[in-house]
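For reference, the structure is listed below as structure tokens.
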Amino acid sequence: MGLAVAWGITTGSTLWAIAAGLGVGSLLAANQWLADALRYAGAAHLAWLAWNAARAALRRGERPTPRDISGGSLALAWIKGLLIHLGNPKAVVFWGSILAIGTKPGAGSGGVLGILAICLVINVAITTSYALLFSSEAITHGYLRMRRWLEGLFAAVFGVAAIYLFASRDT
């Protein structure tokens, strides 16, 4: 079931990536100000993720427990993952910011496709790895024990990435 959800998420991510690549890539190539705006939006999103991760790391008293997602069909699990990701309006900002970071003004469609392909391969690898990794009860319970430390690490990584994006400037 976890793999079906993960691949549904990947399918949704692919659709958002294609939509962003079709429209955003050519706009970014022609309008540096738009690339900058998307970069700042992506940085703001990363700062928001850092803030939420930091709050989760500092939260005391809650004892999360694993949820059982077995039951139902693989198709329904895939649809659930797809709808989770398609229903996330931040995904188009994410893909737009990836394109803003990786696409320089004047880059052709090959550059946009290359960036999208690399990111989608990484996406498949990560979501599949998470699904396989967290299907182990021992890993799930270990994660829940270390959750606060991991959330703190995520907060730091997202925060540094946000600062880098806010501070970076293409010439």
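Between Tyr143 and Phe134, the ring planes are perpendicular. Angles over 60° get that label, and only those under 30° would be called parallel.
Ala53 meets the side-chain contact (heavy atoms from CB on, under 4.5 Å) test with Glu151, Phe154, Ala155; sequence neighbours excluded. The side-chain contact (heavy atoms from CB on, under 4.5 Å) test applied to Ile163 returns no partner, not counting sequence neighbours. Listed by chain and residue number, nothing satisfies the ring-ring contact (aromatic ring centres under 6.0 Å, His included) test with Tyr130 (two or more places apart in sequence, or in another chain). Applying the side-chain contact (heavy atoms from CB on, under 4.5 Å) criterion to Val124, with sequence neighbours excluded, gives Thr10, Thr128. Every residue meeting the side-chain contact (heavy atoms from CB on, under 4.5 Å) condition with Leu76, not counting sequence neighbours, appears here in chain and number order: Ser73.
Nearest heavy atom pair, residue Ala6 against residue Ala131, reads CB-CB, 4.0 Å. Of all the heavy atoms in Ala162 and Leu46, the pair that sits closest is CB-CB, 3.8 Å. Annotation for Gly152 and Ala57: closest pair N-CB, 3.5 Å, computed over non-hydrogen atoms. Closest non-hydrogen pair, Arg59 versus Arg148, comes out as O-NE, 3.4 Å.
Atom CZ of Arg147 sits about 9.5 Å away from atom CG of Leu150, to the nearest 0.5 Å. The line from CH2 of Trp51 to CZ of Phe158 is 16.0 Å long, rounded to the nearest 0.5 Å.
Leu82 places none of its side-chain heavy atoms less than 4.5 Å from the side chain of Ile9.
The side chain to side chain contact (heavy atoms under 4.5 Å, CB included) test with Ser136 singles out one residue from Leu133, Ile139, Leu132, and that residue is Ile139.
Hydrophobic clustering (ILVMFWY, side-chain heavy atoms < 4.5 Å, transitive): Ile118 and Ile126 are in one cluster.
When only modelled atom types and interatomic distance are considered, Thr127 and Trp7 share no side-chain donor-acceptor pair under 3.5 Å.
Applying the under-4.5 Å side-chain rule to Ile, Leu, Val, Met, Phe, Trp and Tyr, the cluster around Val157 extends to Leu153.
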Evaluation steps, side chain to side chain contact (heavy atoms under 4.5 Å, CB included), between Thr11 and Trp78: CA-CA 9 Å; Thr11 303; Trp78 179 84; 3.2 Å; yes
